[in-house]
Amino acid sequence: MGGIFSKGYLPELPNGSLIKLGIIGLENSGKTTLLNKFIDASSKKSIASVLISTGVYIESIIFKGWEIFAGDLLYPNYISKIYKPYLLGSDVIIFMIDSSDTHQMTEAKNQIDLLIQEQCINSSVFLVMANKQDQKRCVPIQQLEQYLELYRLTNPWKCLPLSLIQEKGIEDLIKWILENTVVRKTYNNNNNNNNQIQTLQ
């Protein structure tokens, strides 16, 4: 789709601001597609494939003040052994689900259970994006919330409908993130010869 969408959905954050965003989920849930919708067409070539463990890669990019990574949860131990440091450093975690694939629901719940058990999302806002809501056999949002037991979470959370193929729901998820996330402030360290941007704690 052309027009304004070719510029990417993510708005530019104010100068000196930063949001760290992680996109995770099972295979074929739409993680990479969402990442590509977030950024503009010319920035796609800047997406880096980063080796974080033997045979495990994430996609990573910094775009308009957003620091983003996306990765597959191929095995249950990925959260505790590989992704945990990245999740703990995230301000926002988006968990992608193919809501038209009922066989994914059990594994998705297991992964969310592990996120809670490993305390990976205690300090971040948590979004479950129910992708493929355009499909007739998709699981309704309220039913998905109940099955995943999202009411257990004490941090800000939301389960939202999404159809990446129709580009519906992307603006709603960004609006919710901006309304519920504390934006980090950054500053230039004048003592650093490289003038590197550092994050205030």
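We use all heavy atoms of the structure for the numbers below, so side chains are in, but hydrogens, waters and symmetry mates are not. Counting begins at 1 with the first residue of the sequence.
Contact annotation: the side chain of I177 approaches that of W66 to within less than 4.5 Å [non-hydrogen atoms, C-beta and beyond]. Side-chain contact between K185 and S17 is present, with at least one heavy-atom pair separated by less than 4.5 Å. Using a 4.5 Å heavy-atom threshold, the side chains of V128 and I97 count as touching. Considering only heavy atoms from C-beta on, I68 comes within 4.5 Å of I23 through its side chain. Inter-residue side-chain proximity for K168 and L162 is flagged as unmet; no heavy-atom pair is nearer than 4.5 Å. Proximity of I47 to L35: side-chain heavy atoms (C-beta onward) are separated by under 4.5 Å at one or more points. Between S46 and I61 the shortest side-chain heavy-atom distance falls below 4.5 Å.
Residues Q142 and Q146 have side chains that never bring a donor and an acceptor to within less than 3.5 angstrom of each other. At a cut-off of 3.5 Å, with distance as the only test, no side-chain donor of E59 or S49 sits close to an acceptor on the other residue. Side-chain polar atoms of E167 and Y9 form a donor-acceptor pair below 3.5 angstrom. D40 and S43 share a side-chain donor-acceptor pair at under 3.5 Å. Using modelled atom types, one finds a donor on one side chain and an acceptor on the other under 3.5 Å when comparing Y147 with T106.
Hydrophobic clustering places I52 together with I24 (ILVMFWY residues linked when any side-chain heavy atoms are closer than 4.5 Å, directly or through intermediates). Put simply, V183 and F63 are part of the same group of oily side chains (I, L, V, M, F, W, Y) that touch within less than 4.5 Å, one to the next. Connection of F95 to L150 is established within a shared hydrophobic cluster, with ILVMFWY side chains joined at heavy-atom distances below 4.5 Å, either directly or through further cluster members.
Using a distance-only test at 3.5 Å, with no hydrogens or angles considered, no donor-acceptor pair links the side chain of Q104 to the main chain of N28. Of the possible donor and acceptor atoms, none in the side chain of T181 sits under 3.5 Å from a partner among the backbone N and O of L178. In this structure, the side chain of W176 does not engage the main chain of E171 through any donor-acceptor pair within 3.5 Å. No donor-acceptor pair closer than 3.5 Å links the side chain of Q135 to the backbone N or O of S99. Here the side chain of N131 pairs a donor or acceptor atom with the backbone of L164 at under 3.5 angstrom. Side-chain atoms of N36 never come within 3.5 Å of backbone atoms of K44 as a donor-acceptor pair (strictly under, hydrogens ignored). Under a 3.5 Å cut-off, the side chain of R137 and the backbone N or O of S100 do form a donor-acceptor pair. In this structure, the side chain of K84 engages the main chain of E118 through a donor-acceptor pair within 3.5 Å. A donor-acceptor contact shorter than 3.5 Å is absent between the side chain of D91 and the backbone of I19.
Here the shortest heavy-atom pairing between F69 and S90 reads CE2-OG, 3.6 Å. Here the closest heavy-atom approach between residue I141 and residue C159 is recorded as CG2-O, 3.6 Å. When all heavy atoms of I93 and S124 are compared, the pair lying nearest together is CD1-OG, 3.5 Å.
Note that the CG atom of L88 and the NZ atom of K20 stand 11.5 Å from one another [nearest 0.5 Å]. To the nearest 0.5 Å, atom NZ of residue K109 and atom CG of residue L144 are 11.5 Å apart. Atom CG of L87 and atom CG of L115 lie 6.0 Å apart (nearest 0.5 Å).
Classification of K132 and D98 as a salt-bridged pair holds, one side-chain N sitting under 4.0 Å from a carboxylate O. D72 and K31 are joined by a salt bridge, as a carboxylate oxygen and a charged side-chain nitrogen come within less than 4.0 angstrom of each other. Ion pairing between K158 and D172 fails under the 4.0 Å rule for side-chain N and carboxylate O.
Within 6.0 Å of atom NZ in K175, 12 or fewer heavy atoms from other residues, nucleotides or ligands are found, so the atom counts as exposed in its surroundings. No more than 12 heavy atoms of other residues, nucleotides or ligands shown are found within 6.0 angstrom of OH on Y57. The environment of I165 atom CD1 is sparse: at most 12 non-hydrogen atoms of other residues, nucleotides or ligands sit within 6.0 angstrom. Within a 6.0 Å sphere centred on CG of D113, other residues, nucleotides and ligands contribute more than 12 heavy atoms.
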Side chain to side chain contact (heavy atoms under 4.5 Å, CB included) between V56 and Y83: does it pass, once the steps are laid out? CA-CA 10 Å; V56 182; Y83 284 129; 4.3 Å; yes
